[in-house]
Amino acid sequence: MKNRMFVIFLLCIGHSYLQAQNELPTKETQIKLAVLAAPAPLRDSATVLAMNRWGVYEIIRKGTNGMICLADNPLQNGFNVACYQKDLEPFMQRGRILKLQGKTPKEIVDIREQEVKDGILKMNSVPSALYSYSAKAQDYDSVSGTIKNGYLRYVVYIPYATAASTGLPLQPDVPGMPWIMDPGTHRAHIMINPEPPKIEKP
């Protein structure tokens, strides 16, 4: 029964993706937009993954510098891309697989946590960076590949770090101040959320 439901789930994703394909940017545009999350010197040699018709991310450009970028998900509202250091890929990939299986966000957290404890899922042993670049739906044109009012934030994964071990607060006092989220867990990470940019008027 579970296998049947999973197949139906995949078919639904495939149908939704095919509908969205009419508004999908070209592969070249997907690559150009995906790497916007990465620091400029790392963009040209980054690996880029994009979603196929079954909701699975696959490589559309093989890179060489250890940076992996995810193209925008056409099934989600708005625009969002992310780039991260390659050692985070097992953790990120496992999350994508569990989401594809229909797991809830809490189930994904719990499953990955247990797999890390059991030694099944490998986490990065040193701090690893992730960059996220997003924009609202009205500020993103998927056909032309243009974006207005994009917002870039930064994350540094540092498993099992705490406020005490890093000297960071649990909440920022001002915009852009580093703080630690999920301290003491396998997914502990430093958050840096700059002040949002001024809105560009039409």
Within 6.0 Å of CD in Glu58, more than 12 heavy atoms from elsewhere: yes

Would Leu88 end up clustered with Ile68 when hydrophobic side chains under 4.5 Å apart are linked, directly or stepwise? yes

For a 4.5 angstrom cut-off between non-hydrogen side-chain atoms, does Gln101 reach Leu98? yes

From Leu33 atom CG to Thr26 atom OG1, the distance as rounded to the nearest 0.5 Å: 9.0 Å

Under a 4.5 Å cut-off applied to non-hydrogen side-chain atoms, are Cys69 and Tyr131 in contact? no

What do the steps show when you test Leu36 against Ile147 for side chain to side chain contact (heavy atoms under 4.5 Å, CB included), and what is the final call? CA-CA 10 Å; Leu36 289 178; Ile147 298 172; 4.1 Å; yes

Assess whether side chain to side chain contact (heavy atoms under 4.5 Å, CB included) is satisfied between Lys136 and Asn149, documenting all intermediate values. CA-CA 8 Å; Lys136 295 181 179 179; Asn149 306 314; over 6 Å; no

With clusters defined by side-chain heavy atoms of hydrophobic residues (ILVMFWY) lying less than 4.5 Å apart, directly or transitively, does Val48 cluster with Phe79? no

Can you confirm whether Asp110 is buried at CG, in the sense that more than 12 heavy atoms of other residues, nucleotides or ligands lie under 6.0 Å from that atom? yes

About how many Å separate CG of Leu49 and CD1 of Ile31, when rounded to the nearest 0.5 Å? 10.5 Å

Where the side chain of Arg43 meets the backbone of Ala38, is there a donor-acceptor pair that is under 3.5 Å apart? yes

Mind checking whether Tyr160 and Val155 sit in one hydrophobic cluster, side chains of I, L, V, M, F, W, Y counted as touching below 4.5 Å? yes

Go through the steps for Glu113 and Lys117 under the test salt bridge (charged side-chain N to carboxylate O under 4.0 Å, His left out), then give the verdict. CA-CA 6 Å; Glu113 180 178 20; Lys117 290 180 178 178; 3.6 Å; yes

Rounded distance [0.5 Å steps], OG1 in Thr47 versus CZ in Arg61: 7.5 Å

Describe, in one word, how the ring planes of Phe91 and His186 are oriented to each other, choosing from parallel (under 30°), tilted (30 to 60°) and perpendicular (over 60°). perpendicular

In terms of heavy-atom contacts, does NZ of Lys103 have more than 12 from other residues, nucleotides or ligands at under 6.0 Å? no

Non-hydrogen atoms of Trp179 and Leu170 that approach each other most closely: CE3-O, 2.9 Å

Hey, are Glu89 and Arg96 close enough for a salt bridge, meaning a charged N less than 4.0 Å from a carboxylate O? yes

Is it possible for you to say whether Ile158 and Val109 belong to one hydrophobic cluster, with membership spreading through side-chain heavy-atom contacts below 4.5 Å? no

Closest heavy-atom contact between Ser128 and Gln85? OG-OE1, 3.5 Å

Spatial distance of atom OH (Tyr140) from atom CG (Asn80) [nearest 0.5 Å]: 11.0 Å

When rounded to the nearest 0.5 angstrom, what distance separates OG in Ser125 from CG in Asp87? 7.0 Å

Cys83 and Ala37: which non-hydrogen atoms are nearest, and at how many Å? SG-CB, 3.7 Å

Pairs in or reaching into residues 164-184: which pass salt bridge (Lys or Arg N to Asp or Glu O under 4.0 Å), with residues at least two apart or in two chains? Asp182-Arg187

Would a 4.5 Å heavy-atom cut-off, applied to side chains only, mark Arg94 and Ile97 as touching? yes

Close side-chain approach of Tyr57 and Met92, heavy atoms under 4.5 Å: no

Side-chain touch Pro25/Lys32, heavy atoms, less than 4.5 angstrom: no

Can you see which heavy atom on Gly145 is nearest to which on Thr29, and at what distance? CA-CG2, 3.7 Å

Heavy atoms, side chains only, cut-off 4.5 Å: are Ile190 and Tyr154 in contact? no

Residues that Leu42 engages under side-chain contact (heavy atoms from CB on, under 4.5 Å), provided they are two or more places apart: Pro39, Asn65, Met67

Is there side-chain contact between Leu70 and Tyr84, with heavy atoms separated by less than 4.5 Å? yes

Minimal heavy-atom distance between Pro74 and Met51, with the atoms involved, is CD-SD, 4.3 Å

Taking every non-hydrogen atom, the tightest pair across Ile192 and Gly176: CG2-O, 3.6 Å

Mind checking the CD1-NZ spacing from Ile111 to Lys106? Nearest 0.5 Å is all I need. 10.0 Å

Using the rule that two of Ile, Leu, Val, Met, Phe, Trp, Tyr join whenever any of their side-chain heavy atoms come within less than 4.5 Å, decide whether Val156 and Leu152 are in one cluster. yes

